[in-house]
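These notes concern the structure reproduced below.
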Amino acid sequence: MFDDYLSWKPFFEVVPMESSDCVEVSELHGARFPRGWNDGEFQNLLLQKGVFGFVARQTNAFFSKPFGGFVLVREAAGEAEILTIAVPEKFGRLGLGWRLMQAGLREATSRGAETMFLEVEAENKAAVTLYGRLGFKKVGERPAYYTGADGRRSSALVMSRVLR
């Protein structure tokens with residue numbers, strides 16, 4: 001029985017993002033990005049036509065449902081774009097980014113999108129690897145697009161994937 005406790009792993013469900021999730025989403029966004037978006041910005045995005053998202057919540061926690069990440073997507077005119085995605089560092093390497101991206105890809109496809117785009121910091125090797133495994137290919141680059149907390153500039157890779 002003690003071995004079961006030591007090997008315990010969190011389980012997560014991925015569900016559609018609701019406006020009530022925006023505070024947690026903005027807190028995580030602020031923790032993971034130098035310029036975080038506030039909950040009002042997320043609320044406003046969710047109200048826009050074609051914008052949707054998903055959140056991951058832990059289902060086997062004892063007292064609450066810890067927040068395991070989110071993805072926010074916009075779909076319009078046959079194209080979709082990942083606006084932002086984040087997973088808490090403590091839940092990294094559990095496949096949550098993959099699951100959130102899969103949910104976004106499925107929903108975008110069901111809404112008629114034929115191509116999905118995203119931008120990612122070129123130096124974010126974990127994210128670039130994830131997107132590559134999901135079938136995204138580099139289609140462009142924006143030099144000095146991102147500004148880090150230290151003021152250093154870095155490039156954004158523009159990546160796309162055919163959905164149909």
Side-chain angles (χ1 to χ4, degrees), residues 10-22 24-59 65 67-89 91-146 154-164:
F11 291 100
F12 292 86
E13 64 180 346
V14 174
V15 297
M17 185 187 296
E18 298 178 2
S19 61
S20 60
D21 296 315
C22 288
E24 285 178 296
V25 166
S26 69
E27 288 171 356
L28 175 57
H29 196 268
R32 299 299 280 170
F33 296 98
R35 195 288 199 205
W37 301 347
N38 66 43
D39 59 319
E41 290 171 299
F42 279 103
Q43 292 264 359
N44 288 335
L45 281 166
L46 275 179
L47 292 173
Q48 292 179 15
K49 183 179 180 188
V51 175
F52 60 92
F54 293 91
V55 297
R57 292 215 174 269
Q58 188 175 343
T59 59
K65 288 189 168 187
F67 189 64
F70 71 91
V71 64
L72 190 65
V73 183
R74 178 184 356 230
E75 181 278 321
E79 294 184 347
E81 176 187 12
I82 300 294
L83 298 175
T84 187
I85 180 173
V87 172
E89 195 171 342
F91 293 136
R93 316 247 355 126
L94 294 177
L96 291 174
W98 177 274
R99 291 180 59 199
L100 289 162
M101 286 293 295
Q102 288 289 348
L105 289 163
R106 277 192 304 273
E107 181 65 19
T109 301
S110 76
R111 291 175 179 229
E114 296 179 6
T115 306
M116 182 173 277
F117 293 89
L118 60 83
E119 292 175 350
V120 60
E121 186 174 14
E123 295 174 14
N124 186 343
K125 300 303 181 200
V128 172
T129 299
L130 169 66
Y131 302 142
R133 288 182 181 158
L134 286 163
F136 284 84
K137 306 282 186 223
K138 178 183 168 186
V139 295
E141 187 168 339
R142 298 177 193 262
Y145 184 75
Y146 293 109
S154 61
S155 296
L157 301 180
V158 179
M159 302 180 81
S160 73
R161 174 188 157 164
V162 175
L163 299 177
R164 296 179 180 259

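Any value given below was found using the heavy atoms of this structure, including those in side chains, with hydrogens, waters and symmetry copies removed. The chain is numbered in sequence order, starting from 1.
Closest approach of Ala108 to Leu163, counting heavy atoms only: CB-CD1, 4.1 Å. Here the shortest heavy-atom pairing between Leu28 and Ala86 reads CD2-O, 3.6 Å. The nearest pair of heavy atoms linking Gly97 to Ile85 is O-CD1, 3.9 Å. Heavy-atom minimum distance, Met159 versus Val128: CE-O, 4.5 Å. Annotation for Ser154 and Glu123: closest pair CB-OE2, 4.0 Å, computed over non-hydrogen atoms. Here the closest non-hydrogen pair linking Ala113 and Ala80 is CB-CB, 3.9 Å.
Looking at heavy atoms from C-beta onward, Trp37 lies out of side-chain contact with Val25 at the 4.5 angstrom threshold. Proximity of Phe33 to Thr84: side-chain heavy atoms (C-beta onward) are separated by under 4.5 Å at one or more points.
Met17 CE to Leu46 CG: the interatomic distance, rounded to the nearest 0.5 Å, is 6.0 Å. Taking CZ from Arg99 and CD from Glu13, the interatomic distance works out to 9.0 Å, rounded to the nearest 0.5 Å. With rounding to the nearest 0.5 Å, the separation of OG in Ser160 from NZ in Lys137 is 9.5 Å. Going from atom OG of Ser20 over to atom CG of Asp39 covers 11.5 Å, rounded to the nearest 0.5 Å. How far CG of Leu157 is from OH of Tyr131: 11.0 Å, rounded to the nearest 0.5 Å. Taking CD of Glu119 as the reference point, atom OH of Tyr146 lies at 5.5 Å (rounded to 0.5 Å).
More than 12 heavy-atom neighbours from other residues, nucleotides or ligands sit within 6.0 angstrom of CZ on Arg164. Around CZ of Arg35, the count of heavy atoms belonging to other residues, nucleotides or ligands within 6.0 Å exceeds 12.
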Tell me, with the steps shown, if Met101 and Ile82 meet side-chain contact (heavy atoms from CB on, under 4.5 Å).
CA-CA 9 Å; Met101 286 293 295; Ile82 300 294; 3.9 Å; yes
Where do Val73 and Met116 land on the side-chain contact (heavy atoms from CB on, under 4.5 Å) test, with the steps shown first?
CA-CA 9 Å; Val73 183; Met116 182 173 277; 4.0 Å; yes
Run the side-chain contact (heavy atoms from CB on, under 4.5 Å) check on Asp21 and Arg57 step by step: do they pass?
CA-CA 11 Å; Asp21 296 315; Arg57 292 215 174 269; 3.0 Å; yes
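Taking the six-membered ring where tryptophan is involved, the planes of Phe70 and Phe42 are perpendicular, since the angle between them exceeds 60° and thus also 30°. Classification of the Phe52-Phe54 ring pair by plane angle, with boundaries at 30° and 60°, yields perpendicular.
Of the residues listed (Val87, Leu96, Leu100), the one engaging Phe12 in a side-chain contact (heavy atoms from CB on, under 4.5 Å) is Leu96, and it is the only one. Partner Arg161 forms a side-chain contact (heavy atoms from CB on, under 4.5 Å) with one of Thr115, Leu105, Leu118 and no other, that one being Leu105.
Side-chain atoms of Arg111 do not come within 3.5 Å of backbone N or O of Glu75 as any donor-acceptor pair. Between the Asn44 side chain and the Glu41 main chain, no donor and acceptor come within less than 3.5 Å of each other. For the pair Gln48 (side chain) and Leu45 (backbone), a donor-acceptor distance under 3.5 Å is absent. For the pair Thr59 (side chain) and Phe11 (backbone), a donor-acceptor distance under 3.5 Å is present. Counting only distance, with no hydrogens or angles, the side chain of Glu114 and the backbone of Gly78 share no donor-acceptor pair below 3.5 Å.
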